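Only one structure is covered here, and it is reproduced in the block below.
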Amino acid sequence: MNTHYLDELNEEQRAAVLYNDGPSLIVAGAGSGKTRVLTYKIAYLLENGYQPWNILALTFTNKAAREMKSRIARQVGSESARRLWMGTFHSIFLRILHVEADRLGFTPHFTVYDTADSKSLIRSIIKEMKLDDKLYKPGVVQARISHAKNQLISPAKYASDPQLYDYDQSCRMPSIRDIYRRYMDRCRQADAMDFDDLLYYTYVLFRDHADVLAHYAEQFRYILVDEYQDTNFAQHSIVLQLASRHQHVCVVGDDAQSIYSFRGADIGNILYFTKVYPDARLFKLERNYRSTQNIVSAANSLIAKNRMQIPKEVFSKKEEGEAVTVLQAYSDTEEAEIVANEIRKLHRNEHCEYSDFAVLYRTNAQSRILEEVMRKRGMPYRIYGGLSFYQRKEIKDVIAYFRLTVNPNDEEAFKRVINYPARGIGDTTVGKLTAAATEHGASLWKVMSNPSDYGVNINKGTQGKLQLFRDLINGFMSDLAEKNAYEKGKEIIRQSGIINDIYQDKSPENLSRQENVEELVNSLSNFCEERMEEGNTHIALPDFLSEVSLLTDQDSDKTSDEPRVTLMTAHAAKGLEFANVFVVGLEEGLFPSNMAGDVPRAVEEERRLFYVAITRAEKRCYLLYARSRSRYGSTDFCTPSRFLRDIDTQYLHLPAQMKAAQRIDSEAETFRAEAPRQSFHTPVPSPRLKRVVSTSTDAPAVASGGTAAPAVDVGQRIEHERFGVGEVLRVEGAGDNAKATIRFENAGEKQLLLRYARFTVIN
């Protein structure tokens with residue numbers, strides 16, 4: 001027997017691999033070699049009497065399954081690895097359902113509906129039932145049905161549950177139970193299952209057909225489950241069914257990295273595994289092979305504040321390393337500048353590749369400022385698991401409205417928004433307009449404005465809808481020259497109907513869209529504010545579009561093999577590692593998210609997410625927070641995240657403003673006392689600005705004029721609301737035309753028109 005690979009394992013890893021006499025839980029801390037343990041455990045089973053088809057290994061991604069199969073093949077040969085039942089929950093159960101379909105009333109060739117198919121069917125049912133699709137949004141209904149299936153709640157059980165009905169009624173959707181029943185019936189009629197059915201019907205199959213369960217329980221003599229902390233109720237229940245007889249089940253995961261409750265994951269599955277399986281052995285993989293001891297210790301002190309956890313003490317035998325660095329920024333703008341400066345410094349001085357850096361944030365919208373700063377510096381980057389800010393659908397939709405307002409003959413913008421949000425102008429009508437435009441060599445806008453002149457055959461109802469759209473765009477165009485980009489942009493976003501479309505529910509997808517549109521408003525505000533401070537009079541919507549066009553053009557100018565800085569959400573970072581990690585936006589209401597409120601379970605998940613972010617770092621970790629942040633075009637005070645106070649200060653390098661943990665506490669208390677008095681839409685000065693030089697109470701982006709220019713002298717130091725601390729290098733001009741050139745510590749040199757600049761003289 002060739003088991004030399006066991007020598008590569010540490011004592012705890014080896015013990016976990018060798019124990020196969022009953023149920024076991026392997027708690028694998030961050031960077032502890034989980035994949036290696038799983039791989040070697042399967043190899044060991046194959047070399048000790050188990051046939052490949054007797055082993056069921058369930059993963060959460062196809063990538064994880066492929067990686068493990070490849071490693072196993074190197075140990076036991078490709079033929080044995082190929083015959084393993086290894087894959088995602090859905091792919092494995094789909095194989096079983098194809099074989100056993102007739103037991104459930106389906107044919108072996110049933111169709112699997114994807115999300116779009118499912119949503120389309122739900123939309124049809126809502127229409128047939130004559131329900132208001134503004135209340136019964138297909139995406140929301142789909143999410144409710146999905147949640148029910150993952151909780152193994154049948155349509156009949158759903159309909160008879162008073163709590164579910166009361167909840168739906170409170171959401172003004174009491175008919176969801178009827179939609180759910182019809183949806184299941186229609187899927188069955190179409191010989192189709194959706195993605196959630198692959199779990200739901202597998203459970204039903206095993207529950208209602210004892211012989212089928214007995215067959216598969218006998219075949220799968222050993223069951224392994226990866227990332228068990230991410231399993232939902234249905235997945236947990238199916239594993240319990242299959243393992244109920246032989247109890248040969250091994251689950252691997254880390255409760256400290258359970259961050260997907262919004263997808264239905266239940267941390268209780270791993271926390272209470274040893275209660276469900278009383279004879280289970282517990283193994284803890286506590287050695288971290290990824291990070292320095294300081295990073296590991298900082299993460300340990302953070303996660304220790306969670307009550308719901310399996311106690312463990314992760315450690316590293318790597319060097320002690322640098323302390324985790326906490327950095328304060330005056331604003332989200334300076335925060336991005338600080339990150340870019342530090343990356344550039346390490347790139348030059350330590351010869352780090354750009355691919356050695358990751359910047360993690362809580363929401364997708366936060367990428368916008370980071371992207372813009374990196375573009376201006378020519379710093380290559382990539383958005384991992386998502387699109388660049390200006391390539392996101394909701395942003396492209398809004399920009400298309402902007403483009404059409406500035407140039408109504410813009411064909412691509414016209415086609416993108418003529419029926420978004422939906423206004424009853426379908427593809428047939430657009431096809432007629434396009435054909436007429438092509439025939440007469442005219443723009444779509446001109447044809448739509450006078451369809452009869454171009455021989456377009458449409459009924460009065462459609463003519464009325466086109467008229468309303470034309471009036472909408474004409475209204476936007478009417479005062480384009482009088483309003484700045486911020487004022488006009490907010491007006492278009494509000495009156496186009498986009499706001500109503502994306503604010504109708506609080507699904508994770510829509511919340512992300514909302515945050516992105518709000519960040520676009522911040523972009524408009526920052527654009528106007530910076531232009532005014534620079535004394536530039538070109539701050540209208542066409543000027544903003546010119547700048548955006550340069551940014552979006554750079555999106556396509558990237559070679560795939562160029563080392564780049566990785567920008568991503570903390571959720572997307574799970575399972576990855578980088579030499580240097582920046583975690584930005586560590587403020588109350590952002591990280592932890594305001595959606596968590598003061599609900600202990602939700603706050604603990606946010607803390608776990610922060611733990612995941614910190615433990616991605618191998619060598620250096622930076623934690624940043626801003627004292628003020630743009631929110632829908634206005635400036636908000638920010639309270640440092642409570643999570644910063646959770647980390648033991650002996651593992652932190654604190655900024656001058658925070659020399660002790662007590663300083664974080666006192667700042668937080670001060671901010672908490674002040675913040676509630678600030679209106680969400682009212683700009684406020686940074687809390688450190690004793691005297692804001694500009695006395696205008698409006699944001700510069702919307703101000704009609706500045707105040708008298710203040711006097712500053714060369715050599716003086718100032719605090720700017722967005723750019724932070726700087727030194728005055730030169731002063732030119734007089735009166736309202738006075739300008740100062742200032743070198744900021746992080747934002748570089750900027751020339752500001754003093755009458756609009758928002759700063760305080762320090763000395």
Side-chain angles (χ1 to χ4, degrees), residues 119 123 132-141 143 171-173 363-368 387 389-406 413-425 465 468-480 483-528 541 544-545 548 589-590 593-595 629-636 679-683 698-699 701-702:
K119 191 178 289 186
R123 186 179 291 110
D132 185 350
D133 60 5
K134 290 184 173 58
L135 289 176
Y136 290 87
K137 291 181 72 69
V140 177
V141 175
C171 298
R172 300 169 65 197
M173 295 186 292
T363 68
N364 276 303
Q366 289 169 261
S367 78
R368 197 267 304 174
L387 296 169
F389 182 79
Y390 289 101
Q391 296 301 325
R392 293 167 193 166
K393 179 189 180 300
E394 56 276 11
I395 301 304
K396 294 184 80 169
D397 290 336
V398 174
I399 295 295
Y401 269 105
F402 291 177
R403 285 166 50 184
L404 198 61
T405 300
V406 170
F414 180 96
K415 288 192 289 190
R416 187 174 186 96
V417 301
I418 181 129
N419 198 40
Y420 176 74
R423 50 178 61 91
I425 303 172
K465 292 169 185 174
L468 288 173
F469 180 66
R470 183 167 70 250
D471 292 345
L472 178 71
I473 303 302
N474 278 329
F476 294 155
M477 294 165 58
S478 63
D479 56 358
L480 183 61
K483 292 183 176 178
N484 66 31
Y486 172 72
E487 295 168 319
K488 176 52 64 177
K490 279 189 73 173
E491 174 192 320
I492 291 171
I493 291 169
R494 185 174 60 251
Q495 295 182 10
S496 65
I498 287 176
I499 285 292
N500 291 338
D501 181 64
I502 67 173
Y503 273 81
Q504 286 199 6
D505 67 75
K506 293 185 178 180
S507 65
E509 178 188 41
N510 260 13
L511 284 172
S512 181
R513 294 171 67 202
Q514 293 163 21
E515 290 160 353
N516 284 331
V517 171
E518 289 184 7
E519 187 57 35
L520 181 62
V521 174
N522 293 337
S523 178
L524 287 161
S525 175
N526 293 345
F527 171 80
C528 293
L541 195 59
F544 176 76
L545 285 176
V548 168
L590 186 54
S593 166
N594 57 13
M595 291 184 291
R629 192 168 291 273
S630 296
R631 293 288 299 273
Y632 210 67
S634 301
T635 303
D636 270 9
S679 164
F680 183 83
H681 294 294
T682 304
D698 288 322
V702 296

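Keep in mind that what you see is a predicted model, and the values were worked out from it rather than measured.
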As an exercise, state the distance from CD of Glu394 to OG of Ser512, rounded to the nearest 0.5 Å. 6.5 Å

Consider only side-chain N and O atoms of Asn516 and Arg513, and report whether a donor and an acceptor are under 3.5 Å apart. no

Could you tell me the separation between the CZ atom of Arg172 and the CG atom of Leu135, rounded to the nearest 0.5 Å? 4.5 Å

Given side chain to side chain contact (heavy atoms under 4.5 Å, CB included), test Ile399 with Leu545 step by step and report yes or no. CA-CA 8 Å; Ile399 295 295; Leu545 285 176; 4.0 Å; yes

Report the C-alpha distance between Phe476 and Leu541 in whole Å, list the side-chain angles of each, state the deciding distance to 0.1 Å, and finish with yes or no for side chain to side chain contact (heavy atoms under 4.5 Å, CB included). CA-CA 11 Å; Phe476 294 155; Leu541 195 59; over 6 Å; no

Please report the closest heavy-atom contact between Leu524 and Lys490, naming both atoms and the distance. CD1-N, 4.5 Å

Expected output: side-chain Arg392 to main-chain Asn364 donor-acceptor under 3.5 Å: yes

Residues Ile418 and Ile425: closest non-hydrogen pair is O-CD1, 3.7 Å

For Ser630 and Arg368, does a side-chain donor sit closer than 3.5 Å to a side-chain acceptor? no

For Gly139 and Lys119, work out which heavy atoms get closest and say how close. CA-CE, 4.0 Å

Pairwise distance OH(Tyr486) to CZ(Phe544) - rounded to 0.5 angstrom: 12.5 Å

I need the Ser496 OG to Tyr401 OH distance, nearest 0.5 Å. 5.0 Å

Under the side chain to side chain donor-acceptor pair (under 3.5 Å) rule, collect the residues that match up with Asn522, sequence neighbours excluded. Glu519

For Ala400 versus Ala413, what's the shortest heavy-atom pair and its separation? O-CB, 3.5 Å

Should Leu520 and Tyr390 count as side-chain neighbours, where that means a heavy-atom distance under 4.5 Å? yes

I need the minimum non-hydrogen distance between Asn419 and Gly424, along with the two atoms involved. OD1-N, 3.1 Å

Arg423 vs Leu472 side-chain heavy atoms within contact, under 4.5 Å: yes

Point-to-point distance, once rounded to the nearest 0.5 Å, from NZ of Lys134 to CG of Asp501: 9.5 Å

Cation-aromatic face contact Lys393/Tyr420, 6.0 Å, 45 degrees: yes

Please give me the minimum heavy-atom distance between Lys396 and Gln391, naming the atom from each residue. CD-O, 3.4 Å

The reported gap from CG in Asn526 to OG1 in Thr635 (rounded to nearest 0.5 angstrom) is 8.0 Å

